[in-house]
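Report on one structure; see the data block that follows.
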2 protein chains.
Amino acid sequence: MIGETEPISTYANVMRGVVKLSKMLEDGRQQVVGLQFAPDFLGRPFAEESAVTAEAASAVDTCNFPKLALETLITQNPGLERRLLQQTLKELDEARDWMLTLGRKTASEKVASFLYLIATHLDPTRNPADIVSAEFTLPVTRADIADFLGLTIETVSRQLTKLRSEKVIEVITNRQVSIPDLKKLHHRCG
Amino acid sequence: MIGETEPISTYANVMRGVVKLSKMLEDGRQQVVGLQFAPDFLGRPFAEESAVTAEAASAVDTCNFPKLALETLITQNPGLERRLLQQTLKELDEARDWMLTLGRKTASEKVASFLYLIATHLDPTRNPADIVSAEFTLPVTRADIADFLGLTIETVSRQLTKLRSEKVIEVITNRQVSIPDLKKLHHRCG
DNA sequence: CGCTAGCTTGATCGAAGTCAATCACCGTGG
DNA sequence: CCACGGTGATTGACTTCGATCAAGCTAGCG
């Protein structure tokens, strides 16, 4: 785990790995509010400061460039601004999907949804729609999963065990997970 | 309650009232994923279709215009695209704030957060920062509040009575609420 | 080796959900 | 004018899901 917290004074593109965005309450309760996969954009254009904390969740390569450079580049290049708007709209959609998960799904549906998200987003070269099975190493710890799902690590662990015993997933090692039938997993997402 | 569901083929600006955006699971569980207040923009630029349902939460005036009109307008006017990006980023921030609420706050903190949100957003002419007290009619039913907070109506009701008995809020009628001290309410938001 | 961090498992507890009864408010029509 | 349904909200009794507290377990590493 790299796990460095740092305020983003620059912009970046995630080239490899996963970056997690999170928010915290004063008393320490934490919520992961976004996961950025390659080749997502990282940063907050034209903003005072971002209210979220960005943190590497796994080993990450990023392609950084200074704040000002991008902002002038945007102003000159309307196509870029369009791209930026598109990515922001995509993130908004994902955030809203996740709100449905956080607000209305059960613990086991949440965990299934998380695994489904990872399975469909981890490999940027593949089209999510035609993935039928997957094997991957989880880019985050159980604690991160819990913070993403609004659960505790114990509950995450129990639900993973449950999904495993019901043959929906296979747990090769703590981090290595195999999904023999993605459709079956999807069914568990609510 | 107007409460019409309609797919948005046009764009609109909310001029008065509140529009709620929601998502649903197959089995009917529902989550409100956004509330649009005046003068928010409504619609999804350059998109196939929106995955959310827009519905009037109260009596609403909107200023509508066709999809194509806006899209050509945007292409011609870079300032407009910038405004659109700004609003989208604002919505993303709000969505992420709400994810923290959904995932990590208790029922009573959720209800307090909702009231705080309404108190600070309902009057578009006022600067949220310098509101010290407020009285307003709730633009939504208890069921909507519950769907927004990921709770049941019973729990919302109980928490409202609790906040009332603790003198944080006053309930004039079912819909009419007064917040004598907004700071005190904010304290209950976690 | 033994230590630590991350994970799992078990026992118990409590917050929120569920089920159900009642209430308050209001239009509507006898 | 009052009886009536109907909708939305409140309140109570009970249940349940996930949190909490507390051991162990496992793998990597000095």
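We use all heavy atoms of the structure for the numbers below, so side chains are in, but hydrogens, waters and symmetry mates are not. Here the structure is a predicted model, which means the values were calculated and not measured. Chain identifiers are assigned alphabetically (A, B, ...) following the order of the sequence lines, protein sequences preceding nucleic acid strands; residue numbering begins at 1 within each chain.
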(message) Taking any heavy-atom pair under 4.0 Å as a contact, classify A:T106: base, sugar-phosphate, or nothing.
(response) sugar-phosphate
(request) Give A:T173 one of three labels, base, sugar-phosphate or nothing, depending on what nucleic acid heavy atoms sit under 4.0 Å from its own. (result) nothing
What is the distance, rounded to the nearest whole Å, between atom [atom1] of [X] and atom [atom2] of [N]?
X: A:R164; N: C:dT9; atom1: CZ; atom2: C1'; answer: 11 Å
X: A:R142; N: C:dT9; atom1: CZ; atom2: P; answer: 10 Å
X: A:L151; N: D:dA19; atom1: CG; atom2: C1'; answer: 10 Å
X: B:L149; N: C:dA16; atom1: CG; atom2: P; answer: 12 Å
X: A:E154; N: C:dC7; atom1: CD; atom2: P; answer: 12 Å
X: A:I172; N: C:dC7; atom1: CD1; atom2: P; answer: 16 Å
X: B:I153; N: D:dA9; atom1: CD1; atom2: C1'; answer: 7 Å
X: B:N174; N: D:dT7; atom1: CG; atom2: P; answer: 16 Å

Check this one for me: any side-chain N or O of [X] less than 4.0 Å away from OP1 or OP2 of [N]?
X: B:T161; N: D:dT11; value: yes
X: B:T141; N: D:dG8; value: no
X: A:R158; N: C:dT8; value: no
X: B:S157; N: D:dT10; value: yes
X: A:R175; N: C:dC7; value: yes
X: B:T152; N: C:dG17; value: yes

(message) Strictly below 4.0 Å, N to O, side chains only: are A:R96 and B:E91 in salt-bridge contact?
(response) yes
(message) If the threshold is 4.0 Å, N to carboxylate O, is there a salt bridge linking B:D147 and B:K20?
(response) no
(message) I'd like to know whether CE of B:M15 has more than 12 heavy-atom contacts from other residues, nucleotides or ligands below 6.0 angstrom.
(response) no
(request) Please answer: with hydrophobic residues joined when any side-chain heavy atoms are less than 4.5 Å apart, are A:V140 and A:V111 in the same cluster? (result) yes
(message) Is the ring pair A:H121/A:F37 parallel, tilted or perpendicular, if the boundaries are 30 and 60 degrees?
(response) tilted
